[in-house]
Q: 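Input: one structure, supplied below.
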2 protein chains.
Amino acid sequence: MRIGELSKRTGVAVPTIKYYLREGMLPPGERTSPNQARYDETHIHRLRLVRALIDVGGLPVAKVKEVLTTVDSPSGDIEKLLGTVQRAVFPALPTSAEVEMQAAAEQEVHALLDELGWYCRDNHPALSVLATVLVSAQTLGHSGFLDTVRRYATISEQIGVADLDYIADKRGVDGMLESVVVGTILGDTALIALRRLAQVAESAKRYPDRRRPDDPA
Amino acid sequence: MRIGELSKRTGVAVPTIKYYLREGMLPPGERTSPNQARYDETHIHRLRLVRALIDVGGLPVAKVKEVLTTVDSPSGDIEKLLGTVQRAVFPALPTSAEVEMQAAAEQEVHALLDELGWYCRDNHPALSVLATVLVSAQTLGHSGFLDTVRRYATISEQIGVADLDYIADKRGVDGMLESVVVGTILGDTALIALRRLAQVAESAKRYPDRRRPDDPA
DNA sequence: GAATAATGGATAGTAGTGCTGTCTGCTTTC
DNA sequence: GAAAGCAGACAGCACTACTATCCATTATTC
């Protein structure tokens with residue numbers, strides 16, 4: 001098919017497709033003449049993947065590029081891909097200004113991981129992100145938030161199991177690679193949405209009559 | 001204190017503070033003369049909150065404004081605040097192009113909520129976001145993702161409980177209001193970070209020798 | 001009390017992101 | 001052979017989140 005049909009079938013404007021081609025997020029079509037190209041179903045799929053990562057996952061274009069480059073690499077190393085995808089979603093850690101607090105918080109995170117028996121490389125970005133969150137909460141006077149994070153951690157264990165199950169189910173390396181991407185990026189959005197719904201449901205359960213918690217009358 | 005000290009103590013540049021004042025995210029200081037103002041600890045706190053929402057929570061300035069407006073309103077209605085905060089983090093649902101698939105997915109989400117016995121207003125944004133995620137996964141050929149979402153849902157129930165516990169612990173309406181904000185926004189980031197760490201840990205547990213899943217030799 | 005620095009307020013400018021529009025010279029289709 | 005579509009290059013644009021400059025005051029310091 002030509003670019004017009006690609007556009008119609010995906011709902012992505014032609015100039016946008018050209019932009020993605022320029023950026024290398026979409027492989028070039030097969031040439032039929034010096035200035036004509038033909039696209040196929042793989043382009044449709046890729047385009048949908050790009051849109052999903054941008055629209056649903058909220059990734060910036062640069063991160064999408066990064067992730068797709070890794071997906072396209074011939075390596076079947078799940079851990080490497082997992083690492084790249086994981087790196088892609090953290091917005092270049094803002095590492096809080098207070099270096100001491102940050103270091104202390106990272107110690108706390110390490111301790112938490114040890115408690116749980118979680119293996120983790122020292123420099124995983126999620127580690128410092130989590131530490132930064134704790135520092136933020138602390139400087140805002142919400143030091144009790146650490147306890148909630150502890151509860152989150154034990155709950156997250158189940159999420160990790162579900163995630164790895166989802167990946168392991170797939171046949172073939174290609175399918176697995178994409179499952180890592182889809183599961184991780186779309187999974188984030190799904191989880192956050194479910195958290196919202198769970199909060200509302202739990203809130204309704206606790207305070208049935210639109211009353212606020214400290215007004216039990 | 002004057003604006004320079006406010007800047008020094010928070011690490012936020014003076015022009016940025018002025019910008020936040022203009023935008024109404026930071027209340028004006030107390031006037032000491034027609035063109036001088038004095039700031040206090042509440043300004044420091046507010047400024048830290050703003051930076052936390054932007055840097056750690058990843059909220060755009062407009063959303064921060066929305067959230068803070070609600071926090072500042074005298075209403076003690078937790079559900080209303082919860083709603084506003086929840087709305088703030090979803091980037092104006094991109095509602096997938098395929099209207100039919102979207103509707104079908106929303107039906108599935110409704111069914112899931114019924115199964116779980118979750119109360120939810122029909123128009124909660126998280127509902128359509130979740131449906132959009134499912135449509136995306138489906139059009140990418142990952143229809144099996146629905147099962148993972150089901151697992152996420154039961155897990156999310158525990159998250160909701162932890163979240164409401166965190167809020168209920170607070171004394172006074174003001175504290176509760178801020179706890180909703182901090183818990184929800186920083187909580188999102190914390191959860192995602194923990195999910196990453198859990199994935200790595202689970203991956204390491206399953207595939208100890210850096211081998212990929214389909215290569216058990 | 002004069003020089004220097006900082007402040008509030010207004011306005012303009014800037015860097016980055018994610019497209020979108022326009023043009024030219026082909027190619028395809030009718 | 002006329003109209004439409006296409007590839008590729010490049011310019012432009014809307015939006016976001018600041019940042020810089022200016023000016024008339026006010027504060028501080030010597």
Side-chain angles (χ1 to χ4, degrees), chain A residues 1-40 43 47 49-68 88-92 94 97, chain B residues 1-40 43-44 47-68 88-92 94 97:
Chain A
M1 82 196 74
R2 297 166 62 193
I3 202 172
E5 195 182 337
L6 188 56
S7 168
K8 242 167 252 159
R9 296 214 10 218
T10 57
V12 180
V14 171
T16 305
I17 297 177
K18 286 184 176 185
Y19 167 65
Y20 291 161
L21 284 167
R22 276 201 302 282
E23 295 293 312
M25 291 150 78
L26 197 58
E30 187 198 346
R31 289 292 132 72
T32 61
S33 64
N35 64 343
Q36 294 287 298
R38 174 179 302 137
Y39 307 92
D40 57 26
H43 290 92
L47 204 39
L49 181 58
V50 169
R51 294 307 314 183
L53 297 185
I54 291 174
D55 290 340
V56 182
L59 291 202
V61 166
K63 294 293 184 180
V64 173
K65 242 156 67 175
E66 249 180 69
V67 171
L68 293 182
V89 301
F90 289 123
Chain B
M1 82 196 73
R2 298 169 60 195
I3 202 172
E5 195 184 337
L6 188 55
S7 169
K8 242 168 251 159
R9 296 220 0 225
T10 58
V12 180
V14 171
T16 305
I17 296 177
K18 286 184 175 186
Y19 167 64
Y20 292 161
L21 284 166
R22 276 201 303 280
E23 295 294 312
M25 292 150 77
L26 198 59
E30 187 196 349
R31 288 292 130 72
T32 61
S33 62
N35 64 343
Q36 292 288 298
R38 174 177 304 134
Y39 306 92
D40 57 26
H43 290 92
I44 293 211
L47 204 40
R48 283 208 254 256
L49 181 57
V50 169
R51 294 308 316 183
L53 296 185
I54 290 175
D55 289 341
V56 182
L59 290 201
V61 167
K63 295 293 183 182
V64 173
K65 241 154 71 173
E66 251 179 69
V67 171
L68 293 182
V89 301
F90 288 123

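Computed over heavy atoms, backbone and side chain alike; hydrogens, waters and symmetry mates excluded. Convention: sequence-line order gives letters A, B, ...; per-chain numbering from 1.
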Q: Roughly, in whole Å, what's the span from CD1 in B:Ile3 to P in C:dA6?
A: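 Nearest whole value for this atom pair: 13 Å.
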Q: Find which nucleotide of DNA chain C each of A:Lys18 and B:Ala37 is nearest to by heavy atoms, and output the residue with the more 5' nucleotide.
A: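 Checking each residue's closest nucleotide, the 5'-ward one belongs to B:Ala37.
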Q: What residues, two or more places apart in sequence or in another chain, satisfy side-chain hydrogen bond (donor to acceptor under 3.5 Å, both in side chains) together with B:Tyr19?
A: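 For B:Tyr19, no residue satisfies side-chain hydrogen bond (donor to acceptor under 3.5 Å, both in side chains) once neighbours in sequence are set aside.
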Q: Quick one: CG on B:Leu6 to CG on B:Leu26, what's the gap to the nearest 0.5 Å?
A: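 The distance works out to 6.5 Å.
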Q: Can you tell me how far C1' of D:dC18 sits from CG of B:Leu47, to the nearest Å?
A: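 Taking atom C1' of D:dC18 as the reference, CG of B:Leu47 is at 14 Å.
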Q: Using the test side-chain hydrogen bond (donor to acceptor under 3.5 Å, both in side chains), find all partners of A:Asn35 that sit at least two apart in sequence or belong to another chain.
A: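 A:Asn35 satisfies side-chain hydrogen bond (donor to acceptor under 3.5 Å, both in side chains) with no other residue.
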Q: For B:Arg2 and C:dG8, what is the distance between atoms CZ and P respectively, to the nearest whole Å?
A: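 Taking atom P of C:dG8 as the reference, CZ of B:Arg2 is at 7 Å.
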Q: Apply side-chain hydrogen bond (donor to acceptor under 3.5 Å, both in side chains) to A:Arg2 and list each qualifying residue two or more places apart in sequence or on a separate chain.
A: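 side-chain hydrogen bond (donor to acceptor under 3.5 Å, both in side chains) list for A:Arg2, sorted by chain: empty.
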Q: Taking the side chain as every heavy atom from C-beta outward, state whether A:Tyr20 and A:Ile54 have any pair of such atoms under 4.5 Å apart.
A: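 The answer is yes; the side chains approach within 4.5 Å.
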Q: Out of D:dT28, C:dT20, D:dC18, which nucleotide sits closest to the side chain of A:Pro15?
A: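 Comparing D:dT28, C:dT20, D:dC18 against the side chain of A:Pro15, the answer is C:dT20.
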Q: Could you go over nucleotides 15-17 of chain D and give all protein N or O partners under 3.5 Å, atom names and distances?
A:
unit_1, atom_1, unit_2, atom_2, d
D:dA17, OP1, B:Val61, N, 3.1
D:dA17, OP2, B:Val61, N, 3.2

Q: Do A:Ile3 and A:Lys18 come close enough that some side-chain heavy atom pair is under 4.5 Å?
A: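 Heavy-atom side-chain distance check passes, below 4.5 Å.
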Q: Output the residues of residues 21-35 of chain B in contact with DNA chain C, where contact means a heavy atom of the residue under 4.0 Å from an atom of the strand; sort by number or write none.
A: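 Of all residues in residues 21-35 of chain B, the ones placing a heavy atom under 4.0 Å from DNA chain C are B:Arg22, B:Arg31, B:Asn35.
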Q: State, yes or no, whether a side-chain contact exists between B:Thr16 and B:Arg51 at a heavy-atom distance under 4.5 Å.
A: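 Contact flag for B:Thr16/B:Arg51 side chains = yes.
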Q: How many Å lie between CZ on A:Arg38 and C1' on D:dA7, as a whole number?
A: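 That distance rounds to 15 Å.
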Q: Could you tell me which residues satisfy side-chain hydrogen bond (donor to acceptor under 3.5 Å, both in side chains) with B:Glu23, sequence neighbours excluded, listed by chain and number?
A: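 side-chain hydrogen bond (donor to acceptor under 3.5 Å, both in side chains) list for B:Glu23, sorted by chain: B:Lys65.
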Q: In Å and rounded to the nearest 0.5 Å, what is the OH to OG1 distance from B:Tyr39 to B:Thr10?
A: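 Those atoms lie 12.0 Å apart.
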Q: In this structure, how many angstroms lie between the C1' atom of D:dA7 and the CD atom of A:Glu5, rounded?
A: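 Roughly 18 Å, once rounded to whole Å.
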Q: On DNA chain D, compare the nucleotides closest to B:Thr16 and B:Gln36; which residue's is nearer the 5' end?
A: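 Closest to the 5' end, via its nearest nucleotide, is B:Thr16.
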